[in-house]
Amino acid sequence: MEFRYLGNSGFKVSAISYGNWITHGSQVEEDAANACVKRALELGITTFDTADVYAGTKAEEVLGRALAGVPRESIEVFTKVYFPTGAGVNDRGLSRKHIMHSIDASLKRLNMDHVDLYQAHRYDVETPLEETMVAFADIVRQGKALYIGVSEWDADQITRAAALARELRIQLISNQPPYSMLWRVIEEAVVPASEREGLSQIVWSPMAQGVLTGKYLPGQPPPEGSRATDELSGKNFISRWLTDTTLTKVQELKPIAQEAGITMAQMAIAWVLQNKNVASAIVGATRPEQLDDNVKAANIVLEPAIMAEINTVLDGIVVSNPRKTESPKTRF
């Protein structure tokens, strides 16, 4: 496993992170979740990402139990705050009240005394940024979180938050956006701003919800049991890629992967890790053996010629300009 610094800090994370958005507490039974976490650890994954809202708060509980007994200093655990976790008017957003309640609730569910990274799951337009950042600073000083991150913030939001973080003398070190061969929105402005401000990307959906594995075929219905057929597995999000045009182009990537001697999944993950601002790519699993293939991508370097071939094949279908399309909002 390769390890990379997260942002402008001395904190390292595994290049492949294990995430439990649509698995723990909803899609798979707890025994299967435990087996996946165990296999992740065996393969050298030390970084685990979750959120208070996943599976209606159950995902944190499952992850906490799966990691019980693992030396705390040997793993990096991330969680997030923003989306509703209750029916109350203050059970959402990035107000001081919600943040301070949520960190305690997350730590209780995880059965831990701190998380390594606490992330703002979205930007809250209804709460002053200063209020949010001061609350985060207090959590860091209380030892409940070691570092602060954000998720799907734009370049301007990152820049303003970073300025406040410096003023408050806390470390804002990461952003967590979607990023793949098909969805390159962050490259235009978010990555340059992050590089200036000392943040890295922890990216999700490096395989475009499984589309870049090549298992979805043009002109054919999605395989039974796949994410495209499961409302709990991001069906609405993945539908954007299930056009014959996109799926035909993805099939044209198969010879490139075969020539390189790697799987389609490995090529997709290795591709995002080629971006020097990406510290880690989040993968999930419903079966332990899925991780064996994915983890190998951490040590794959795609030659410039392969990168050029990929760009040629995907020309015309890549989403790269955020002003031309909406950001995917169906994923928590």
Side-chain angles (χ1 to χ4, degrees), residues 1-6 12-24 28 32-49 63 66-67 70 74-76 78 176 178-184 200-216 223 226-227 233 241 250-311 313-314:
M1 177 58 63
E2 180 188 0
F3 292 85
R4 301 182 176 191
Y5 287 107
L6 190 56
K12 288 184 177 181
V13 296
S14 51
I16 307 295
S17 299
Y18 182 91
N20 72 347
W21 164 38
I22 56 173
T23 52
H24 296 187
V28 302
N34 290 340
C36 288
V37 169
K38 180 181 178 181
R39 187 59 182 151
L41 291 165
E42 290 171 347
L43 292 169
I45 294 175
T46 61
T47 305
F48 296 85
D49 179 81
L63 182 62
L67 291 172
V70 178
S74 69
I75 54 175
E76 305 83 46
F78 306 165
Q176 188 176 125
Y179 185 51
S180 71
M181 295 178 190
L182 298 175
W183 185 270
R184 306 184 189 182
S200 295
Q201 310 302 314
I202 306 165
V203 302
W204 60 270
S205 196
M207 292 177 280
Q209 298 288 286
V211 169
L212 288 170
T213 66
K215 67 181 178 182
Y216 298 99
S226 66
R227 291 185 179 185
S233 299
W241 310 124
V250 170
Q251 292 304 306
E252 293 175 13
L253 294 174
K254 284 186 174 180
I256 300 175
Q258 290 169 354
E259 186 176 350
I262 57 179
T263 67
M264 289 279 282
Q266 289 168 353
M267 186 168 73
I269 297 170
W271 187 92
V272 302
L273 292 174
Q274 299 275 111
N275 188 320
K276 64 180 181 179
N277 192 236
V278 173
S280 189
I282 299 173
V283 301
T286 57
R287 303 185 310 276
E289 57 268 23
Q290 292 173 322
L291 295 169
D292 292 61
D293 182 59
N294 295 344
V295 163
K296 294 175 183 177
N299 295 307
I300 294 172
V301 176
L302 301 178
E303 297 298 327
I306 294 178
M307 298 290 281
E309 284 187 79
I310 291 170
N311 287 336
V313 169
L314 298 181

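If you're wondering where the values come from, they're calculated on a predicted model, not measured in any experiment.
With rounding to the nearest 0.5 angstrom, the CG atom of Leu253 is 4.5 Å from the CE atom of Met267. We find the CG-CG distance between Leu63 and Asn34 to be 9.5 Å, quoted to the nearest 0.5 Å. In this structure, Tyr179 OH and Ile282 CD1 are separated by 15.0 Å, a value rounded to the nearest 0.5 Å. Taking CD1 from Ile16 and NZ from Lys296, the interatomic distance works out to 13.0 Å, rounded to the nearest 0.5 Å. A distance of 14.0 Å separates CZ in Arg39 from CZ in Arg287, rounded to the nearest 0.5 Å.
With sequence neighbours excluded, the residues that form a side-chain contact (heavy atoms from CB on, under 4.5 Å) with Ser180 are Leu182, Trp183, Ala208, Leu212. Taking the ring-ring contact (aromatic ring centres under 6.0 Å, His included) definition, one finds that Phe78 meets it with nothing, sequence neighbours left out. With sequence neighbours left out, the salt bridge (Lys or Arg N to Asp or Glu O under 4.0 Å) criterion links Arg4 to Glu2. Residues passing the salt bridge (Lys or Arg N to Asp or Glu O under 4.0 Å) test with Glu252, sequence neighbours excluded: none.
In this structure a side-chain-to-backbone donor-acceptor pair under 3.5 Å is present from Ser280 to Ala15. Panel note: side chain Ser14, backbone Thr47; a donor-acceptor pair is recorded below 3.5 Å.
Within the 4.5 Å cutoff, side-chain heavy atoms of Leu41 are placed close to those of Ile75. Between Val13 and Ile202 there is no side-chain heavy-atom pair separated by less than 4.5 Å. At least one side-chain heavy atom of Met1 sits less than 4.5 Å from a side-chain heavy atom of Ile45.
Across every non-hydrogen atom of Met207 and Ala268, the tightest pair is CG-CB, 3.9 Å. The two atoms that bring Leu314 and Met181 nearest to each other are CD1-CB, 3.6 Å, heavy atoms only. Scanning all heavy atoms of the two residues, the minimum distance from Ala32 to Thr286 falls at CB-O, 4.2 Å. The two residues Trp241 and Val211 have their closest heavy-atom pair at CB-CG2, 3.6 Å. Of all heavy-atom pairs spanning Arg184 and Ile310, the tightest one is NH2-CG2, 4.4 Å. When all heavy atoms are compared, the tightest approach of Pro288 to Cys36 is N-SG, 3.7 Å.
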N/O donor-acceptor pairs under 3.5 Å from side chains in residues 300-308, not counting sequence neighbours:
none

Without placing hydrogens or testing angles, list every side-chain donor-acceptor pair under 3.5 Å for residues 258-266, not counting sequence neighbours.
residue, atom, partner, partner atom, Å
Thr263, OG1, Gln266, N, 3.1
Thr263, OG1, Asp293, OD1, 3.1
Thr263, OG1, Asp293, OD2, 3.0
Gln266, OE1, Thr263, N, 3.1
Gln266, NE2, Asp293, O, 3.1
Gln266, NE2, Asp293, OD1, 2.8

- Could you check Asp49 against Trp204 for side chain to side chain contact (heavy atoms under 4.5 Å, CB included), going step by step and ending with a plain yes or no? CA-CA 10 Å; Asp49 179 81; Trp204 60 270; over 6 Å; no
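Using the six-membered ring where Trp is involved, Tyr18 and Phe48 have ring planes that are tilted, between 30° and 60° apart.
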